[in-house]
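Working notes, structure below.
Since the model is a prediction, treat every value here as computed from it, not as a measurement. Lettering follows sequence order; numbering is per chain, from 1.
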Amino acid sequence: MIEVNNLHKSFGDHHVLKGISATFEKGKTNLIIGQSGSGKTVFLKCLLGLFEPEQGTISYDGRVYSELEPRERRDLRQEMGMVFQGSALFDSMTVEGNVMFPLDMFTKQSKSEMLDRVNFVLKRVNLVNSNQKFPSELSGGMKKRVAIARAIVMNPKYLFCDEPNSGLDPKTAILIDNLIQEITREYDITTVINSHDMNSVMEIGEKIIFLKDGFKEWEGSNMEIFKTDNEAVTNFVYSSELFKKVRQMYLEERN
Amino acid sequence: MFSKITNYTLLILNPGYNKVNIVIFTARSVPLLMNYVSSIGSYSIMIREVFKKPTKWPIMKSLILKEIDELIYGSMGIIIFISFFIGGVVAIQTALNISNPLIPRNLIGFATRQSVILEFAPTFTSIIMAGKVGSYITSSIGTMRVTEQIDALEVMGVNSLNYLVFPKIIAMFFYPFVVAIAMYIGILGGWIAGVFGGFSSSADFVEGLQLDFTPFHVTYSFIKSVVFAFVIATVPSYHGYYMKGGALEVGKASTTAFVWTSVVIIILNYILTQLLLG
Ligand SMILES: Nc1ncnc2c1ncn2[C@@H]1O[C@H](COP(=O)(O)OP(=O)(O)OP(=O)(O)O)[C@@H](O)[C@H]1O
Ligand SMILES: [Mg+2]
């Protein structure tokens, strides 16, 4: 479980996060939604410890990040996995090299043990027979799978995904979403996902946080987001004609 | 920039230029100066970070070997090509400028040796390297920055500066070998141009090469090349690592990195020459 309390982050005069508090639960897919530029990536990078917030605390199962020693922070880092917006695979390494990288860096396993683990996670994300390919030879969806494999290879307790299905077709997007949800449940991970994709929200939004202008505007589940009267949320969620119609029908049915 | 220069010129040319303008002039330069100072500060912080929290040796070893291949071995061709022709041109130019029959013909060999060893091999080659190796370093690190690969390293708990920059610094310690080869090829080029161009006899040229030879000049040249090697490895890394933006900015950062690397090399060249030979 990750607890965030009153988080502030700015860049120069630009105040991006203006005091956000939230709780992300274990074994659940927690979603952060909001318009482009609303600070989702910044928020996630604060959770990862890549950005130092000016104010506020983040606690990981009771461990408050700002109070940890450098060595404890390093240990905590190794419990985190991250899937970046653009996959961020290392161009100079093969798929196998990418996934093996954290094992190679931080464990004392033998080559064959590492290979077994790599093949296991690659199979888990349904990517076989691509071990020796380079990232430039992969499709967007395959890159995402490699990125997920690399993020879970160290058995993380916390998994962060920045728009894991951006740039994918709706079907592949849902496959990736479901994959992340399955892995989250299977290994009881605290997963936080950034998204502005409404399909994801409906599909895997067990807990949703809506960011707007640096504040947490709304919080709830995918069931509740259908019924909410919060105008900012409905404007955002039902920005497409299709969803407006769906909501119309839903409300009519309810009345 | 231009207005600053005109301001400054006015200040010098016109003694009656009033105090207000002097204040304006200073006020304008302060942010620029602060910028440079803060860049030097963050550069120093970067260098300190590079040597902290080292990467596991087996991984580091393979990174260093890869960089030696890329930065040193990969530059050999262009360096040999340029040194050869520069050496030749120096010999021809010297020969053409000797019209007085009282000047001994061995001056051609002597002048070629001196200019190649003292300046062309260490400094000129370094400027070439700043272009070739420097732009490679800035663009490869810059691309990793914009595609979040550096963030990915940091998230995993890897010291990305050590991982990316340290192997380049170590690889560049082999740079004096490149300079040694440049010296040899440059002089060879001079000899070929001098002898086969009919400007000098081989005996005269070789005599000139041996005339008043000061071994310290070679040492001086190697000291310079070690310093320049460090600059070539780190200044472009700095520009790549701290860049912001996208693919277009990577290109701009490479250009800026080349300009700054050259400027730093030229300034250090002056300082080192004053210290070591002056
Ligand atoms: N490193 C940085 N330095 C300065 N400003 C930044 C930095 N990173 C983000 N910002 C600013 O913070 C704001 C939020 O950016 P962020 O990337 O978090 O948006 P986002 O919600 O992830 O958008 P998207 O959905 O397009 O990815 C933007 O206005 C951006 O300009
Ligand atoms: Mg984002």
Side-chain angles (χ1 to χ4, degrees), chain A residues 11-12 41-42 44-52 70-93 97-111 114 135-136 143 146-147 150-154 156 158-163, chain B residues 31 34-35 38 45 48-49 52-71 74 136-137 139-168 171 240-242 244-247 249-250:
Chain A
F11 298 98
T41 301
V42 172
L44 210 60
K45 285 188 174 172
C46 288
L47 292 183
L48 279 160
L50 284 177
F51 286 154
E52 194 96 31
R71 202 176 47 77
E72 293 170 313
R73 286 187 183 190
R74 212 142 62 218
D75 293 343
L76 178 60
R77 280 276 175 85
Q78 281 167 30
E79 297 174 8
M80 297 178 181
M82 170 77 182
V83 179
F84 284 88
Q85 199 159 355
S87 296
L89 300 179
F90 302 124
D91 298 321
S92 57
M93 298 179 196
N98 265 285
V99 181
M100 202 185 281
F101 185 83
L103 295 174
D104 210 4
M105 271 287 180
F106 298 109
T107 68
K108 292 196 172 69
Q109 297 178 7
S110 70
K111 192 88 185 165
M114 289 195 277
S136 57
K143 280 186 196 160
V146 180
R150 187 177 67 183
I152 62 171
V153 73
M154 297 278 280
Y158 314 99
L159 180 63
F160 304 97
C161 309
D162 197 357
E163 297 185 21
Chain B
M34 290 301 289
N35 227 336
S38 91
I45 292 170
R48 212 183 52 201
E49 239 11 80
K52 274 188 189 165
K53 207 184 143 205
T55 308
K56 254 164 95 166
W57 176 242
I59 296 176
M60 186 47 82
K61 194 176 74 187
S62 68
L63 290 174
I64 291 173
L65 291 176
K66 212 177 110 234
E67 298 294 359
I68 290 175
D69 186 45
E70 187 74 45
L71 306 182
Y136 158 76
I137 292 178
S139 57
S140 64
I141 295 184
T143 306
M144 290 188 73
R145 166 62 73 196
V146 301
T147 56
E148 296 182 304
Q149 292 177 49
I150 291 181
D151 287 334
L153 286 171
E154 287 291 322
V155 168
M156 289 175 197
V158 177
N159 176 357
S160 58
L161 276 171
N162 176 266
Y163 183 84
L164 295 171
V165 183
F166 186 75
K168 295 184 171 64
Y241 193 85
Y242 292 105
K244 291 196 173 80
E249 281 78 8
V250 174

If you draw a 6.0 Å radius around NZ in B/K56, do more than 12 non-hydrogen atoms from other residues or ligands fall strictly inside? yes

Is the NZ atom of B/K66 crowded by more than 12 outside heavy atoms at less than 6.0 Å? no

If contact means a heavy atom pair closer than 4.5 Å, which residues of residues 104-111 of chain A contact chain B? A/D104, A/M105, A/F106, A/T107

Which answer fits B/S140, side chain, backbone, both or neither, if we ask what part of it has an atom under 4.5 Å from a heavy atom of chain A? neither

What part of [X] is in contact with chain B, defined as an atom under 4.5 angstrom from a non-hydrogen atom: side chain, backbone, both or neither?
X	result
A/L89	backbone
A/R150	side chain
A/D91	both
A/F160	neither

Kindly write out the residues that satisfy ring-ring contact (aromatic ring centres under 6.0 Å, His included) with A/Y158, not counting sequence neighbours, or none if the list is empty. A/Y60

Separation between CD of B/Q149 and OG of A/S87, rounded to the nearest 0.5 Å: 10.5 Å

CG/B/D151 to OG1/A/T41 distance, rounded to the nearest 0.5 angstrom? 10.5 Å

Chain A contact residues among residues 157-164 of chain B, heavy-atom distance under 4.5 Å: B/G157, B/V158, B/Y163

Could you pull out the closest heavy-atom pair between B/A152 and A/A88, with the gap in Å? CB-O, 4.1 Å

For A/R77 versus B/V155, what's the shortest heavy-atom pair and its separation? CD-O, 3.3 Å

With side chains defined as the heavy atoms from C-beta onward, is the minimum distance between A/Q78 and B/M156 less than 4.5 Å? no

Side-chain contact, heavy-atom cut-off 4.5 Å: B/T147 with A/F84? no

For B/E148, check salt bridge (charged side-chain N to carboxylate O under 4.0 Å, His left out) against everything at least two apart and list the hits. A/K45

